[in-house]
Each structure stands twice: as structure tokens, then as C-alpha cells.
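Working notes for the structure below.
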Amino acid sequence: MPGQRRQRRQRRQHGRLGSTATSFIVGAVVAALLPLTGGAAVAADEPPQVITDEVVHPVKEGATARVKISVATTGSGPLDEPVTVDYTTEGDGGTATSGEDYRPVDGSVTFPAGTASGTSRTVEVVTARGGGAEPAETVPLHLTVSGAKAPAETPRVVIDAHGLPYLDPELPVQRRVKDLLSRMSLEEKAGQMTQAERNALTAPGDIADYNLGSLLSGGGSVPTPNTPAAWARMVDAFQLRAQATRFQIPLVYGVDAVHGHNNVVGTTIMPHNIGLGATRDPRLAEKTGAVTASEVRATGLPWDFAPCVCVSRDERWGRAYESFGEDPALVTAMETVIKGMQGAPSGKDLDRRDKVLTTAKHFVGDGGTEYGSSTTGSYTIDQGVTKVTREELEKVHLAPFQEAVDRGVGTVMPSYSSLDILGDGQAPLKMHADGAMINGVLKDRMGFEGFVISDWQAIDQIPGDHPSDVRTSVNAGVDMIMVPTAYRDFHTTLVDEVKAGRICRARIDDAVSRILTAKFRLGLFEKPYADTANLARIGSAGHRAVAREAAAKSQVLLKNDGGVLPLKPSQKVYVTGSNADDLGNQTGGWTITWQGSSGRHTDGTTILEGMRKAALDSAITYSKDASAPTDGYDAGVVVVGETPYAEGVGDVGNGHDLRLSEADQAAVDRVCGAMKCAVLIVSGRPQLIGDRLGDIDALVASWLPGTEGDGVADVLYGKRAFTGQLPLTWPKSEAQLPINVGDAAYDPQYPYGWGLTTAARAPGEDGAKRLEELTAEARALRKAGRGDSVKGRELVTAARLLVQDRIGQKITPAVAKPFAEADHLLLGGDVVGALRKLTAAYRAAE
């Protein structure tokens, strides 16, 4: 097999063993046999099955391995006929030397007729204590079975690697990497650069046979049952397989935990990034990252394919909600999430049980793809072409990646999209093939020291055949390739390309060094298995409190005529709409499955449930389709919006648009025509509601708030004030798209940064005079070197709320443009400039 070489070393001077010794330990075991650990449940019409407790049995040199052999029967009844198992350590397939590395064993054990299903016997293999440093060595225990089905695989005893410098945790990481790299074969190095999907493994033994460096769970790729504990057991079983390799290099297992540990039932699901951008709260983003990392690492997963630091420039994009917003200054500000997930930029915290390796994605420009440019299936914008000037590329799309590198992000994932730099005379180039950007900009200019991981089968989109795709992507600087199903072909091809001289060995060594560095920093060589100490904290009250705060702060109040909000707990409220009582719709895509789904698929609180807890028992009436009578209510709350989608499946024009469904429109019309109403739009992007805006008293951009609907109820009922601001410009029509802060022509429904508040403020201020006072205070702060301070930001917030009061709902281009630009300047630290823009907006509203 590729990557599997027998290693025969020189004979030792010490540690020889003599004759065969076998020990049997008899005991009843529960006949609940786990496929991941070598067992297999027996179907009702199947003959008895012999299994072993594990396929791989690592032991320290000189220790005794104990291999438990069990028999399982149809329906868990006793054996009808005797079962005999002959065993021997002598034969092909091992790398250890019989009589020198271990005491050979052979013999036979019989399970007589009438033996209870699950009864086990234990075979002991005694290993020798030697005097030198060595890689791991294997001892197969060959089994011949009569009267039952034999195990699918031959169990192996593995004598752990020992005494080698790379195994010494006291040595510097660089020295450990250098030592290990010097010992590895080309095939072993190619294995480290290969990432397979756990469901696509042709055989579990391929982890060792191909020296795989990584596995991943794609969206919806989950164990059964889908519980945190089952995830930990699954990952541990895969890690055990890696212990059968020469150097026992652990796997680094990755998962898309993009808004909490979102593949796992019962975890804490945060608002999607677009909602976090609406909070304008970098400290809160850091807290959400810390909660996510804690829950991910507790299930044995050390690597998260997050955060997405793309800048979403067109809400027709199906991934718009994965972005913090349309402004690179906002995206950069919210990258505190990296610290929450990964810890210190140096990587010194990565071996903690509550931290994970992070991934900045998708490098570079995936949020700027042009509508209609995609060639992937029926996608219209996702994976298309980003056409930008060199200046726009630097300021908009590259800036967040420099911030991520400065924060010590561990890995970077290139985009499926292509980059077309206007005026350079070059054709668009797939990012996975763009060495000038990956090697030249990311690694050389930005100083990125982590490793680059490809996206799912992304190298297949590079023009050319498979060998060409492999050498192009690797030579461009991609260090690990996500080849979920074609890992065998990739491994073979990569080795062949290196041997043919089309990929230099120095490039391979660079890639593998980067990967090994991450594994050492994660502490995987010392602790490859799940540290489950934090399992009980998954979905805990403390974690959900963070998500609840994020949900509350993500709510953006766009309109509030007549002070409809906040509601009073004693008011009689009529609640309706498709998203009022649907946990799946409010969590969105990338939740339990890749595309997400409507309905209740995990633990959480819907918006309706949160409202019922916040109000008196008799105060809430719910009618999903607004068919119940509407008389006698103080206010109506209509919760509408999108159903879940992910990636290009959600592109506008690919079965999606930006309008409310007919049922949602009917609910808005019926309730807002009968009473004072507040409309909440639960969505991953703005929806076009201009034709109904005049009938709506209060309008809330609720984004995708996650599992904690209580947080939405908190602002509806005034437990918290509305403080959120738009992370995306809210358009009047699809014809305006793309529309973004800084555009020369800018005439939105609501500008970027807009967000009313329900916090009490002193009425009747002289606005113009107050703006002058705030600006003077800001200048004084700047002179004192404190312009970009909490106090400075508070000054701008006060000015923004004052200007919004002045504007009301009369948002003109003359008002909208400076208003939006003020928030951009504030995020960039220019408090005085932000106040100057707000003053211009105030004057334009006169």
C-alpha cells in the first residue's frame, strides 16, 4: 500500500525474549459492540460474529498489550454451536521482530455451545524493553475463526515510538518539527498533506496505510447518535488508527463550526456572522468565539474552519450571512473572534482544552464575486469571478486577512472563486491556482506562518487534469488538500509529481513543516484524544447566556413610529408569521446539516417561546398564518423572512429572491392593517419591503439569531434596549444591487450603520449645538491621544442617535451617504471624521 513500508532495524543488544506465554482472562461483557472500535452489531439472520475490542492496541515499550476477543450472536442469545479462534503473532504484516521486540504467542480458544453472547477472552502480548530510540513497530495478531464470522480486520499491537527528539515536549516546536521531518519518507509527507472526509474512508485502515494528516466532517456528516459524547468517541477512534503509523503523527480533525458547534445537536448556536456584525461589539464576538471553541474542543475536535472574514458586497450572494458585513473596517473589528477561539497570536494557548485552531476564509475576494459570473451548476454568484482594481483588492478584500494574520490565525482557506485584477492584462485565475496571492501576498508579504488548507474538492475546479490540478495548487502554496473522496488518488499523484520533479521536495517540506507545527502547538502528540472535561458545559446556561446576549444585540430597529416597541408584558399581543415559532428558520443554514432545515432539529427557544416567557400567560395569541381573529389586541408582532440555505444554493436567481413569500406578505398585510404592528425579518440578508413600509409601525432586522430566541424577546419587551446597527446596506430594490457604503451613488432604503434605540434619552435637544459640543469633545480626545477610545465611540453614538431622530424615515441620498460613511470612519478609529459626516447628514435633513 502507498505510504506503508516495513521497517526492519538492526537487532538490539538488550531485551531479548524467550518462549511463548499466553494468558486467558474470562469475563462477561455487554454485547453492545461499537463499529468504530472494531466491533459490529449482528443482524437477526447473521451467523455469530467474532470481534476484538479495538483494532489498534498501542502500548509503551516493555508493557503488555491485552487484546479482548468476543463473540456476538443473533439476537444476543447463547451460541448454538461452538466457536473456535486460533491466534498467532507469527506471520506477515508486522514491523516488529519476533523474540526481540515482543514475545511471540499462538494458541486457540473455544467458546462452547451455550456461551452467552458478549463473552470475551483476552490474549496478552508481552513487549520487550530495549535500550534505544525507535519509531513505532507493529505486531499483527492473526485470527483464524471456525463456526463464526471472522473480524473484518486483523488486530495490531503497536509498540509506541520512544526516545526520539520530536517526542520530547520540553524541546522547542521548531526543533521537534525539524527532527520529525528529517525521518519521514515522501509517502509519509504526502499523507500529512491529505485530508479525507470521514464518511468517504474506503477502509478505516487507510488512515494508517496512507499516513493521513487530517479528517473532516462536512456539513451534516455526523455520528449516530449525534451527541457531543458520540462525537468524542468517533474522533478518538479515528485518532487510534493514526497510532498504527511509524511516527504516530496524530490527525488534526476539522469541522465547519461557523456559528457555534453547529453540526451537533444540543450545542449553543450563535447568531450567524452577519448578526454579530450588527452588534458592533468586538468583545462580545470574542466571547462567542470562546464558547464555540470550548464546545468544539470538548468533542475531540482541535480545528475549526472559521471565521469567514470575507467582505460581502452583494446580498444576492448565498453566503452573505457568513460575513460580518459589507465594510472591511467592520469585518476587521469583529476579528476578535479569533482571539476567543484560538487565544494568543503566538499560538501558546492552542493546547488548552477550550481552544481550537482557526481558519480565515476564503482567500481572497469571495464576497466580491460578480452576479452572473459563476460557472458552478446553477449558482449565479457564489464561486464566480471577483473583478476589482488593485486598490480595491487591497482596501476591501485583503485588509481583513492581514488582520487575521496579525492575530495569529492558524490556517487560511482559499476561495473557490476566481480573481480578475482590472488593468493587469491577465485573465481571471482560480484562487487555488494563484501563487502570486497565496505564496507572494499571504505567506511572503503578510508573513502568514500557518498552513493553507484547500476548500472541498476545490482543486478540481482548476483547468486541467488531476495531476495538473495537484501540482498547480501545491506549487501555488496550498499545503493541505481537502480531497474528501479522492484521497487515495491524490496521495499517489502527489508522490508521482514529486518524483517526476514537477513539485520540488522543498515545497513538500515547507508544507509538512507548517502542518506539523500546528499539531505540536495543539498538543496533539501528547494528548491526541478528546479531553471531555468540558462536555458538561456544552449547551450550558452560561454558554447560552452569551448566545442570548448576542441575539439581543444583533437586533436592528429600523423603524419605530409611535413607540410600538418595546412591548409591555401586560399588553395583549397577536403573534404571527412563518418564523415566529420555527427554530430551524431562525438558526439558518449550516445548522445540524449543511443546508439547515425548517422545524425543531436541536435544543433552543423560538422567538414565540421567548415572548411567552417574557409576557403574562394570557398576553400572547399565536396564529401562524394570521387566520385567527384580529380584534382586541394592543399590538401585533409579525415574524417573517427566509428559510434556510447555504452557499450557492441560496444565491438569488437560483430559486431564491429577496422578497417575502406570499404567505408572509399576507400576514403583514392582515395584521398591520388591523392594529399597531412590529415586523421582524429573520433572514441572512436584507429583504425588499419598501412597498409595505408605510403600513408597518416598527421594523426589525432580526438576522439569524441562533437558538436563543429569548434574546429577541429581551429587546421586544425592553429587558435590553435595541442597540444593533445595519452591517449591510438595506436596498430599495434589486436593481440597486450591489450597493455599499462609499458608493458614489447611494440611495438605500436604510443606510449602512442605521439602527434606532429604545434606550431613554433626553428629549428636545438643540441638535446642531449638541453636535458642535460632541465634535469639540472629540477633538480634545484626539489631541490627548484618546480619539479611538471608548469615550470617543460614545460621542459618535450619541451623535448618530441624534441625527437619526432628525432624519426620521425621510432618508434621502444626501442624508444616507454621509451617515453610512460616518460608521465606516468610526470603525477605522477616526472619531472626528465620523462626527463631521454625521453633522453633514444632520444638515442635509433640514
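Note that these values count all heavy atoms, side chains included, but never hydrogens, waters or copies made by symmetry.
- In terms of the disulfide bond (SG atoms under 2.5 Å apart) criterion, residue partners of Cys677 (sequence neighbours excluded) are, by chain and number, Cys672.
- With sequence neighbours excluded, no residue forms a side-chain hydrogen bond (donor to acceptor under 3.5 Å, both in side chains) with Thr532.
- Within the structure, no pair that satisfies the ring pair (Phe, Tyr, Trp, His ring centres under 6.0 Å) test touches residues 603-627, not counting sequence neighbours.
- Listed by first and then second residue, the ring pair (Phe, Tyr, Trp, His ring centres under 6.0 Å) pairs that reach into residues 656-695 are Tyr645-His656, sequence neighbours excluded.
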Using distance only, find each side-chain donor-acceptor pair of residues 602-609 under 3.5 Å and give its atom names and separation, not counting sequence neighbours.
unit_1 : atom_1 : unit_2 : atom_2 : d
Thr602 : OG1    : Gly266 : N      : 2.9
Thr606 : OG1    : Asp581 : OD1    : 2.8
Thr606 : OG1    : Glu609 : N      : 3.1
Thr606 : OG1    : Glu609 : OE1    : 3.4
Glu609 : OE1    : Arg600 : NH2    : 3.1
Glu609 : OE1    : Thr606 : N      : 2.9
Glu609 : OE2    : Arg600 : NH2    : 2.8

Indicate every side-chain donor-acceptor pair of residues 807-815 with a distance under 3.5 Å to a residue at least two apart or in another chain.
unit_1 : atom_1 : unit_2 : atom_2 : d
Gln809 : OE1    : Tyr750 : OH     : 2.5
Gln809 : NE2    : Leu558 : O      : 3.2
Thr812 : OG1    : Val815 : N      : 3.3

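- Listed by chain and residue number, nothing satisfies the ring-ring contact (aromatic ring centres under 6.0 Å, His included) test with Tyr842 (two or more places apart in sequence, or in another chain).
- Judged as a side-chain hydrogen bond (donor to acceptor under 3.5 Å, both in side chains), and not counting sequence neighbours, Asp582 has no contacts.
- With sequence neighbours excluded, no residue forms a ring-ring contact (aromatic ring centres under 6.0 Å, His included) with Phe722.
- Residues satisfying the ring-ring contact (aromatic ring centres under 6.0 Å, His included) criterion with His272, sequence neighbours excluded, are His259, Tyr321.
- For residues 662-696, no residue pair satisfies the ring pair (Phe, Tyr, Trp, His ring centres under 6.0 Å) rule, not counting sequence neighbours.
- Residues that satisfy the ring-ring contact (aromatic ring centres under 6.0 Å, His included) test with Phe819, not counting sequence neighbours, are Trp754.
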